[in-house]
Amino acid sequence: MQIITEPGQMQTIAEKLRLSRQCIGVVMTMGALHEGHLSLIKLAQQTAGTIILTIFVNPSQFGLNEDLHLYPRPFEKDVALAKAAGVDFLFAPDTESVYPQHYQTTVTCSEVTKMYEGEKRPDHFKGVATIVTKLFNITKPHIAVFGEKDAQQLAVIRRVVEDLNMDIKVIAAPIVREKSGLAVSSRNIYLSIEERDAATILYKGICHAENRVAGHEHNLQTIAEEIEGMINAIPGCRSDYVGFVDEVTFEPAETAESGKEYRLLLAMYSGAVRLIDNVMICA
Ligand code: AMP
C-alpha cells in the first residue's frame, strides 16, 4: 500500500491507473477506521481492481461548536488496518494542501439539505459536497462507496454526482452495527459505558418503527412522535429529530402509502454525544 499526501501526486497516479484501464474504487473517510469503514472497502473490492482510501478530517464540514479538534486521529493504526484490508493507495492530505491560501470555491446542494442534519448543522453539507467533489477530482474513481449510516449525506452525494454530470457510480453500503444494535461510529469512543447502554434506545426506536409499520400503522408522524417519547424517557438521552422521508425524493413523509419505501432518520444525544441512525422501511 502506498501512502500519498499530495493532491497532485494522487491525481497523476489516478490518471496512470485510468490509462492502464484499471477500475478505480474510492472510499472516503475521516479515519479512526472501524468495521463500518472496512465493510465499505470490501464492497468496493467487489467491483474495483484498485482501491483508494482517503483519510481527511475535513474542517469545513464541522460547525463552530463541534468536535473538530477532539476528533480521533489514530493514523498509525489506520495505516495498519488499511494495509490489512488490501487498500492499494491511502490518500491522506493535510488541510493546507486541500484548502490552500486564497481557496474560495464551494459546492452547495439545495432542497435535500434543508432539513434534518442540514437544518441542525448549518453548512455541514456544503463542506461535505465540496470535499467529496474535490476528492473525486483528485482520485478520479469509476465507483465510490458510501455508507447508508449517513443516509442524508448519501442522498446529497447522489444529487451532486447526477446534477454535475460526474461519471461515477455511487454504491451504498449497509449499516454495520454492534451486537446491541448501536451503529458502529468513530464517535462511539466518546460514550461512557452508561451512555453507550442508553444509546441503544436509537436501535430500539428503529425496531419500534418496523413493528408499527408491519402492524399497518400508516401515520408516520405518530410513529416518529412515539420514538421521540421513547428516547426522551431514557435518563441522559434527548431526541434531536425523528422523521420519515420518501426513500426516493428524500422529502418529509407524514402518511405511508402501501408498498412505498420510506427512510426513518433519527438523531439524539446520549449525554453530550450526538448520534445518528436510520433505516429503510417498506410500508
Ligand atoms: P466517516 O469516517 O464517519 O466520515 O465515514 C466514512 C464513510 O463510512 C461514510 O460513507 C459513512 O457513511 C461510512 N460509515 C460510517 N459508519 C458506518 C457504519 N457503521 N456502517 C457502514 N458505513 C459506515
Side-chain angles (χ1 to χ4, degrees), residues 29-37 39 57-59 61-74 77 113 115-125 127-128 147-154 174-213 215 217 219-245 252 262-281:
T29 76
M30 297 203 298
L33 299 182
H34 52 61
E35 286 302 320
H37 298 126
S39 76
V57 182
N58 176 36
Q61 71 188 67
F62 285 76
L64 282 180
N65 300 319
E66 292 182 2
D67 57 344
L68 173 63
H69 298 293
L70 283 178
Y71 202 84
R73 290 167 171 85
K77 193 173 159 217
T113 66
M115 293 180 72
Y116 309 108
E117 286 301 282
E119 185 183 354
K120 298 287 179 181
R121 304 180 68 190
D123 287 343
H124 170 67
F125 286 123
V128 168
E148 278 178 2
K149 164 74 169 41
D150 299 277
Q152 195 173 7
Q153 167 175 287
L154 181 60
I175 300 175
V176 174
R177 298 181 181 281
E178 295 180 355
K179 267 207 191 101
S180 66
L182 181 68
V184 176
S185 164
S186 306
R187 287 187 168 103
N188 289 354
I189 57 158
Y190 300 150
L191 293 165
S192 67
I193 293 171
E194 294 75 24
E195 288 166 346
R196 184 180 275 259
D197 194 38
T200 56
I201 190 65
L202 214 43
Y203 187 63
K204 291 179 188 128
I206 284 177
C207 297
H208 177 77
E210 287 175 328
N211 289 334
R212 292 286 275 136
V213 173
E217 174 59 67
N219 190 332
L220 299 176
Q221 187 71 35
T222 300
I223 301 173
E225 282 164 16
E226 288 168 359
I227 297 169
E228 290 204 291
M230 287 168 65
I231 294 171
N232 292 330
I234 304 287
C237 291
R238 180 166 60 84
S239 165
D240 202 17
Y241 61 74
V242 178
F244 286 83
V245 293
Y262 299 89
R263 196 160 284 268
L264 168 65
L265 306 173
L266 315 96
M268 65 165 266
Y269 287 90
S270 183
V273 185
R274 189 170 182 278
L275 302 161
I276 59 169
D277 207 332
N278 69 87
V279 70
M280 199 274 280
I281 288 181

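Atoms considered below: every heavy atom in the structure, side chains included; atoms not considered: hydrogens, waters and symmetry mates.
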Subject >> Full working for side-chain contact (heavy atoms from CB on, under 4.5 Å) between L266 and I276 >> reply: CA-CA 6 Å; L266 315 96; I276 59 169; over 6 Å; no
Minimum side-chain heavy-atom gap [X]-[Y] below 4.5 Å:
X: V279; Y: R263; value: no
X: Y71; Y: E66; value: no
X: F125; Y: Q152; value: yes
X: L264; Y: I227; value: yes
X: S186; Y: M30; value: no
X: Y241; Y: L265; value: yes

Residues which pass ring-ring contact (aromatic ring centres under 6.0 Å, His included) with [X], listed by chain and number, not counting sequence neighbours:
X: F244; value: none
X: H208; value: none
X: Y269; value: none

Original post:
Which residue pairs satisfy the salt bridge (Lys or Arg N to Asp or Glu O under 4.0 Å) criterion with at least one member in residues 181-196, sequence neighbours excluded?
Top reply: D67-R187, E178-R196
Could you pull out the closest heavy-atom pair between [X] and [Y], with the gap in Å?
X: P252; Y: Y116; value: CB-OH, 3.8 Å
X: E148; Y: N278; value: O-ND2, 2.8 Å
X: N188; Y: A183; value: ND2-O, 3.0 Å
X: A199; Y: L275; value: CB-CD1, 3.4 Å

If you measure from [atom1] on [X] to [atom2] on [Y], what distance do you get to the nearest 0.5 Å?
X: L202; Y: M230; atom1: CG; atom2: CE; answer: 10.0 Å
X: I206; Y: N211; atom1: CD1; atom2: CG; answer: 12.0 Å
X: L70; Y: I189; atom1: CG; atom2: CD1; answer: 9.5 Å
X: E35; Y: L33; atom1: CD; atom2: CG; answer: 10.5 Å
X: L182; Y: I201; atom1: CG; atom2: CD1; answer: 12.0 Å

Original post:
Is there a donor-acceptor pair under 3.5 Å between the side chain of H37 and the backbone N or O of H34?
Top reply: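 Pair found, side chain donor or acceptor close to backbone of H34.
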**OP:** Could you tell me whether a side-chain N or O of N219 sits under 3.5 Å from a main-chain N or O of T222, the two making a donor and an acceptor?
**Re:** yes
Subject >> Pairing residues for S180 by the side-chain hydrogen bond (donor to acceptor under 3.5 Å, both in side chains) criterion, not counting sequence neighbours >> reply: none
Original post:
Of all residues at least two apart in sequence or in a different chain, which pass the side-chain hydrogen bond (donor to acceptor under 3.5 Å, both in side chains) check with Y203?
Top reply: none
Kindly write out the residues that satisfy salt bridge (Lys or Arg N to Asp or Glu O under 4.0 Å) with [X], not counting sequence neighbours, or none if the list is empty.
X: R73; result: none
X: D240; result: K120, R274
X: E217; result: R212
X: R238; result: none

Subject >> Residues that S239 engages under side-chain contact (heavy atoms from CB on, under 4.5 Å), provided they are two or more places apart >> reply: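 E228, I231, N232, V242.
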Subject >> Residues in side-chain contact (heavy atoms from CB on, under 4.5 Å) contact with N58, at least two apart in sequence or another chain >> reply: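 N58 satisfies side-chain contact (heavy atoms from CB on, under 4.5 Å) with F56, S60, Q61, Y99, I131 once adjacent residues are dropped.
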**OP:** In sequence, state the C-alpha distance, the side-chain angles, and the governing distance for T113 and E119, and then conclude on side-chain contact (heavy atoms from CB on, under 4.5 Å).
**Re:** CA-CA 7 Å; T113 66; E119 185 183 354; over 6 Å; no
**OP:** List the steps, then state whether side-chain contact (heavy atoms from CB on, under 4.5 Å) holds for V245 with Y262.
**Re:** CA-CA 6 Å; V245 293; Y262 299 89; over 6 Å; no
Original post:
Between R177 and D277, is the closest basic N to carboxylate O distance under 4.0 Å?
Top reply: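 Yes.
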